[in-house]
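Working notes, beginning with the structure itself.
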Amino acid sequence: MDPEMNRNLSDLLHKKIKPRTAHDLDMYLALLRAAASLKAAKVSRNHHKEGLLKAATSSSTAAKGSKDDEGLLEEASSTSAKGSHDVVLTRKASSTAAKGSEKDKTTDTVAKGGSILPPKRTEVKQQIIQKISEYFRQSKTSIRPKAVLRASTEGSKDDKGLLKPSTEGSKDDERLLKASTEGSKDDEGLLKASMAEQASGKEKNDEVAEFVKFLLDNSLDSIISDQIDSLRKELEYLIAFLMDLPDNCWGDLFWISSDIKAASIKAASFHHVDDLSELEAGKNQISDLLKEIYLLKARVILGRLDNSSKDGLMVPMKDELKPLVQVLEFLQSLSFDPPKKKQAEEKLLLSHAEIVSKGLKSLIYSIHETELTKEVVKKMKLSLSWLLAKIYLINAELKLIELLSQKANLVSNMVNQIECLREELRFLRTFLMDNMDIEANIGDQKLLLTHLEAVYSLLFSLISSFLYNEMATESSVSLPRLLGHIKLIKAEAILVEHRTHQIGLMGPMKDLFQELGFFITFLYYPRPSWMYEEKKELILSKSKAVANEAASLIFLFRNDMKRGDMANEFSKLIDKIVHLKPKIKEIFLQIPESLHSNLPMMTNGLNLISSLLEDMRKLLKCEPSSISSVKHVIKMLDSGFESLKGFLLFTAEQHNDDEEIKDLCTYISHVVYEAEYMIDSFVVKVEFVWHFMLWVYFALEDITFAKEKVKEIQKENKFDTKYCSVTKTSFHVPPQATSGATDELLVELEDQKEIIIDCLTQGRVDLDIIAIVGMPGLGKTTLAKEVYDCPSVSHSFHIRAWCRLSQVYDPREVLLNILGHFAGITGSIHEMTCDKLQEQLYEFLKGIRYLVIIDELWDINQWDKLKGSFPNDDNGSRILVTCRTSNLVCQAKPDSFVHSLQLFSDLESWKFLEKKVFYPDACPPTLQEVGKQISSHCRGLPIAISMIGGLLANTERRLDWWEEVEKNLSYGNFIVDPYMHVLEFCYEQLPAHLKPCFLYFAAFPEGKEIPVWKLLRLWVAEGFVQKTESQMLEDVAEGYLLDLINRNLVIIAKRRSVGGVKKCLVHELLWEFCIAKAKDEKFMQLMQQYGEFSTTCHRLCICSTPEQFVMSKPSDPCVRCLLFFASNGVSPRQLSDISFISQKFQLLRVLNLEGIIMGNSFLAGLEILVLLRYLALRGSVYFVPSSIANLSKLETFIVMRNRHTYEVTLPSTFWSMRRLRHVHIKNIGDFSLQNCEFEDSSQLDNMQTLSCPILCCGKHTEKILRRLPNLRKLKCIFGKYLGSSRECNDVPAFELLTHLESLNITYWGQIRYSSVFDFPHNLKKLSLSRFRLPWIEMSTIGRLTNLEVLKLLDRAFEGQHWDIRKGEFLKLKYLKLEDLDIVLWFAGYDSFPCLQQLVLQRCKKLEEVPSSFRDIVTLQSIEVICCNFSAEISAMKIQEEQQIMGNKKLKVLINL
């Protein structure tokens, strides 16, 4: 800004040439911005000019351009005045009030209110334009005529709209709130251009204060100086807000800025007077202007609140805040355009409006100024709800006044009804203004507000139809219904008043409040069409009569509370309601029969209620708009169920046999199941609001009944605390799991193990069969597994394989399983028929000495289908079989060696039990006698002893508790089933949270080794896992599994690299127990045949062919979990149409269809299943549709793809799925971000595991990683995209993943690095493949201080020498080298100080294992597979040296 500009601005202010139009004010604002920028920058004159040009270019759009542009803006401003006569509230209404008549939009507005006019603005505007236009001449106007007209007439489609309660808000409202705090990209550019040189906001504030003082300099006499001071203060706030706005603002920003400018110009129009009459008029004008400005300030504050630092606390009020912009405009319009005829009633109405306006303004100011807490926000929210309720009633009355002024157009009976309606609204308004105390009885008030909101919706719809001549028949019918609705709400409001103040309440009347709410819902909420039948209409008529009687009785009571017969009248009324409601429930409350008939009997109420409470709270927090109509009743349910949680928690901690307590727990569980069904049905739009609300009242009665029963039980002292907390239950993850029954049992089987090893490694040279025979639970599998892993056995055979059979025999799956031990299963092998697979296996085994173990052979037919696959080459090959009877082995090969396992003797049983409970210590003398009795009840069965041992080891070692155990076991029916009673007792002693987890093993095929990661995520999705503050759900679930393992109920099938469990299963006896128990308790329905698909359960597990499943098309609306396992293997050629699932099972939470091939198109209708938490599919899909984002609750997403497909693309909507925790795309998932821009908030904070994305080079990958801030496990492909010629030299920024613990990377392409990775410091497990890096780069990995597992696979590193440097791999416990060309490996004596396992596989050039490994005292095993003979010798030598030093536990396994 040059001196001339300074002089011109000073001249304008000195001459008091005040703004008279919005254009004039825009010019002043541009100059103010420039002046503020000039003062802050303090730069040279040339720089001043440059800054002025930037400011003028970006901020003075309204002041630039021709007279046509000026006229256009005036036209745009006046457009909003049209059509406002019939509408109480539009954006145009407030603009009209500010702008006035057509001749002079601004000055006539002032005149309309009796303003004292200044001299006419003859050439004022032209004078201003002439003086400063030269500074804007380089700028081109950015006002586009069409855009201006579109913005100014925006919302004209809503001319017929009324002030309606809204929880969503319009898009314009959202733009206002967002624009006023954040601004668009254009706004950011504007601010950078016009105010880039400001050092702070102080200069701007100084300029604003000076300008406002200038505006009010000629104001009225000092007698009203207080008003002028208030006006000055508020104008400074609004003008400062205007200076931060862009000139090119549209929508709500345009209207709010127009209103502020109009108010500022009006303030500038006041001048000094001497006449007292003029002074009084001026005071009135300033008073009116202050009211207007207060509301404007409230609108501005409201906008700025949306993204303020208080946003977290304001979340509960979001719904109430959204309609406030519209409400403020309505209140502002009342001050400008009140009803013309002010009768006494209208005056009272307007006085109420002014009171509400002040209250609303005060509340908004307090939100802005008060330090908020949760309690303060709750009170503010309720206050705001009541203010809105009053405003809606005022608005409705105004519309009815307008409607009654058109009596000529109404039928006479309608006039009477409308007058009655107005009278009812007047009563409600007056009542609410006088009686509501928001500090007391909050629950009743919220329910009343919920019912009022329903009335508003009907009321405004009806008024709209009358006002705009949409007098359809249904509208005239609705009026009497609306009157009946309001009558009941009046009665409800009276009850709220009396319940709040405890005025004259009597017993029956206290019970009437909830019943009245029930009838309001039943009679007047929108109902489905099926209700209108003759039988149902009769019940409706009776209900309406009872409801009207209740309302009349309440009105009578209010007028005469001292009548002696009122208690009797209320009692009679309650009796009528009690007799009527069961009929209503029977006829109208339609809940599927299958829900009640198949509810699980297991009383795991604590898990159920905890899961339901968490779901309801997430629903209230994350989806408020979708449930706005039922939000309050869901909160009532939440409160009710929370009150029962304590009882269930207490009963879960003890094993009380009282039948009344058990029955009550079952009753509560069934209420919870029903609540879960109804809430989910409402969310997926299966249930009407009416049906859901009706059910809520019955559910609340059930909860009340349960609470009363709990009080009775507590009063009668029926809680048996004698054995309370005997079970040591904790939610922390145990440090490690024992191997179940295995370790101690092996000690007992050591002699028998040597017998089997001798038979395998010695004797005849022809193919021989050795059998381990015995009843279930004797340890056949345990013994066979120990023999299989024995080093002497592995040294004796070239290759070994293990397979387990089940009663549902699938020869193809067994053949693939055996082949998988010998060679990789390629796509061509996977597609072979059973006969081809037999030939393939035979050819592979030909000439090789092999050992195959077949665990649990059930019948001779199974052997007959397999025996042709095993060649007899007289080379000492062996087949080891476990089975239940020796006859079966004799049929297979009469001269086979049969080793029979026997039951333990009493002494052996006691010694085994003692080890299970006390090892390495001995049993205390006080427990020995009862301990021997307990072991004798197990009848010598090792698995039964193990289970009892697991129970006793995890409970307090008290004599009274052991005696109780012995007493329970002695009650068993040992003639019918000598062992099942032991299993039943151990199951009953499980903590409540472990029972469903244990029974879930019934869902998996017998003998199936279950991946732990899958099992845990299913438990989490089912809601079995209780959330804790300090642990993630998956960690808690792992603690549950380890607890079951330590109780000897679950077997570890495969361990992880460094402890932990990778795969698990249950013993066949326990599996059979789980099957029977799951069926008895209706926990899960298992189906294996086509004809069985007629009945369902809460969980449905199907084991059949895909063809049978598709043909049967099972269906049940109540099924929450659907698991499918193919009974005959899965062939990639079998494509199945499973689109019916989305229609037949809409309430699914868990869907596992990995056993069915769905082809190359995604599951049709998947977006309907919005409740899914776990989804696993298999197919040849190449992309996941964008509709996957509809599954907003999804936590685990798995796509298993066929081997001949390669890449699948995830949509950009994937990033909106905020609850995702685990995503597995096999083989590869491609994230596409090239055409998508995301906000910073578009990240998946809950994501923990991800596999297997393609991560390309550069910023693309960085974008992905930044959106996964809490990722713990990542398996990925890194390299160039398919079809790309560019090689990648930029390593992904893995250091961004600060929580990453496990990383598995495979590289595509040719690469050479001088330096490579920067890994996160938390990394514990690392696997690299195909990088072909020089060994010198290993130092980067060696310095990772927390690394415990390292796998270098498939040419991850290249070169002949690897030299370990000092100080590297200090915490490494597991090291695997596979397919590397290393020759020489050097390590010092202090290398790998914590190493436990070393695996060398196909490192055929490696000469030896470093001799320094003999000094690693932690070393437990060395496995050498297909390596150089010298490497094998060096490993065995290390074992010998370790044994000399005392380490007898080191195992060396050599596989040829």
Side-chain angles (χ1 to χ4, degrees), residues 1011-1013 1032 1034-1035 1056-1060 1062 1220-1231 1243-1258 1260-1279 1288-1309 1311 1313 1315-1333 1337-1357 1368-1380 1394 1397 1399:
V1012 167
W1013 66 265
M1032 305 189 76
E1034 290 77 8
D1035 295 335
R1056 298 189 181 278
S1057 304
V1058 284
K1062 190 169 187 177
L1220 273 176
R1221 303 175 71 86
H1222 311 281
V1223 175
H1224 299 270
I1225 307 293
K1226 298 183 179 180
N1227 299 322
I1228 301 171
D1230 175 23
F1231 295 90
Q1243 61 185 33
L1244 303 181
D1245 293 326
N1246 292 314
M1247 184 75 79
Q1248 295 182 47
T1249 61
L1250 176 62
S1251 67
C1252 179
I1254 305 173
L1255 301 181
C1256 69
C1257 304
H1260 175 85
T1261 294
E1262 187 174 334
K1263 287 181 181 180
I1264 293 175
L1265 298 183
R1266 288 189 182 278
R1267 287 171 171 80
L1268 304 169
N1270 297 311
L1271 197 66
R1272 295 206 296 177
K1273 184 175 182 179
L1274 173 63
K1275 181 180 180 181
C1276 63
I1277 302 291
F1278 166 58
C1288 294
N1289 290 312
D1290 296 328
V1291 178
F1294 292 117
E1295 69 275 8
L1296 296 173
L1297 303 176
T1298 56
H1299 294 87
L1300 194 67
E1301 296 179 356
S1302 176
L1303 178 60
N1304 184 323
I1305 322 173
T1306 299
Y1307 178 73
W1308 281 352
I1311 190 166
Y1313 286 104
S1315 61
V1316 280
F1317 300 101
D1318 189 2
F1319 294 113
H1321 295 297
N1322 285 335
L1323 199 63
K1324 294 181 179 179
K1325 182 176 179 180
L1326 177 63
S1327 178
L1328 299 176
S1329 301
R1330 303 182 63 183
F1331 275 89
R1332 297 183 294 282
L1333 295 169
E1337 300 295 344
M1338 277 298 295
S1339 294
T1340 303
I1341 300 173
R1343 289 192 296 268
L1344 293 174
T1345 55
N1346 293 304
L1347 191 65
E1348 296 179 353
V1349 177
L1350 177 62
K1351 298 180 182 180
L1352 305 177
L1353 316 173
D1354 193 10
R1355 296 173 296 163
F1357 282 78
E1368 295 179 349
F1369 303 106
L1370 297 180
K1371 290 186 179 181
L1372 197 69
K1373 298 178 181 179
Y1374 180 96
L1375 175 63
K1376 182 176 183 178
L1377 308 179
E1378 179 181 322
D1379 289 319
L1380 303 178
C1394 297
Q1397 299 178 63
V1399 179

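All values below come from the heavy atoms of this structure, side chains included, with hydrogens, waters and symmetry mates left out. Keep in mind that what you see is a predicted model, and the values were worked out from it rather than measured.
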Item to check | Phe1294: ring pair (Phe, Tyr, Trp, His ring centres under 6.0 Å) partners, not counting sequence neighbours | outcome: none

Next on the checklist: When you compare the side chain of Ile1305 with that of Cys1276, does any pair of heavy atoms fall below 4.5 Å?
Outcome noted: yes

Checklist entry - Once you round to the nearest 0.5 Å, how far does CG of Leu1352 lie from CG of Leu1375? => result 6.5 Å

Next on the checklist: Assess the residue pair His1222 and Trp1013 against the criterion (ring-ring contact (aromatic ring centres under 6.0 Å, His included)); give the C-alpha distance rounded to whole Å, side-chain angles, the decisive distance to 0.1 Å, and a yes or no.
Outcome noted: CA-CA 10 Å; His1222 311 281; Trp1013 66 265; 8.3 Å; no

Checklist outcome for this item: Between Thr1306 and Arg1330 the two heavy atoms that sit nearest each other are CG2-CD, 3.9 Å

Checklist entry - By ring pair (Phe, Tyr, Trp, His ring centres under 6.0 Å), which residues pair with Tyr1374, not counting sequence neighbours? => result none

Next on the checklist: Nearest 0.5 angstrom please: Lys1325 NZ to Glu1301 CD, how far?
Outcome noted: 11.5 Å

Next on the checklist: Using only atom types and a distance under 3.5 Å, with no angle test, would you say the side chain of Asn1246 pairs donor to acceptor with the backbone of Arg1221?
Outcome noted: no

Next on the checklist: So Ile1277 and Cys1252, do their side chains get closer than 4.5 Å, heavy atoms only?
Outcome noted: yes

Checklist entry - With a 4.5 Å heavy-atom cut-off, do Pro1253 and Leu1274 have their side chains touching? => result yes

Checklist entry - Hey, which of Arg1343, Glu1348, Met1338 is the one that makes side-chain contact (heavy atoms from CB on, under 4.5 Å) with Phe1369? => result Met1338

Checklist entry - Closest heavy-atom contact between Pro1320 and Leu1300? => result CG-CB, 3.9 Å

Checklist entry - Using 30° and 60° as the class limits, which term best fits the ring planes of Tyr1307 and Phe1278: parallel, tilted or perpendicular? => result tilted

Item to check | Student check: side-chain heavy atoms of Ser1057 and Lys1351 closer than 4.5 Å | outcome: yes

Next on the checklist: For Gln1243 versus Arg1266, what's the shortest heavy-atom pair and its separation?
Outcome noted: OE1-O, 3.6 Å

Checklist entry - Is any side-chain heavy atom of Phe1357 closer than 4.5 Å to a side-chain heavy atom of Leu1328? => result yes

Checklist outcome for this item: Rounded to the nearest 0.5 Å, the CD1 atom of Ile1341 sits from the CD atom of Glu1368 at a distance of 10.0 Å

Next on the checklist: So for atom NZ, which belongs to Lys1376, do other residues, nucleotides or ligands contribute more than 12 heavy atoms lying within a distance under 6.0 Å?
Outcome noted: yes

Next on the checklist: Show the nearest heavy-atom pair for residues Arg1355 and Leu1380, with the distance to one decimal.
Outcome noted: N-CD2, 3.7 Å

Checklist entry - For His1321, does its backbone N or O pair with a side-chain atom of Asn1346 as donor and acceptor, under 3.5 Å? => result yes

Checklist entry - Are the side chains of Leu1265 and Leu1297 in touch, meaning some heavy atoms are under 4.5 Å apart? => result yes

Next on the checklist: Taking the side chain as everything from C-beta on, heavy atoms only, tell me whether Asp1245 gets closer than 4.5 Å to Pro1269.
Outcome noted: yes

Item to check | Gap between atom NZ of Lys1324 and atom CG of Asn1322 - 0.5 Å precision | outcome: 8.0 Å

Checklist entry - What is the distance from atom CG of Leu1244 to atom CZ of Arg1267, rounded to the nearest 0.5 Å? => result 9.5 Å

Next on the checklist: If I take atom NE2 from residue His1224 and atom CG from residue Leu1250, how far apart are they, to the nearest 0.5 angstrom?
Outcome noted: 8.5 Å

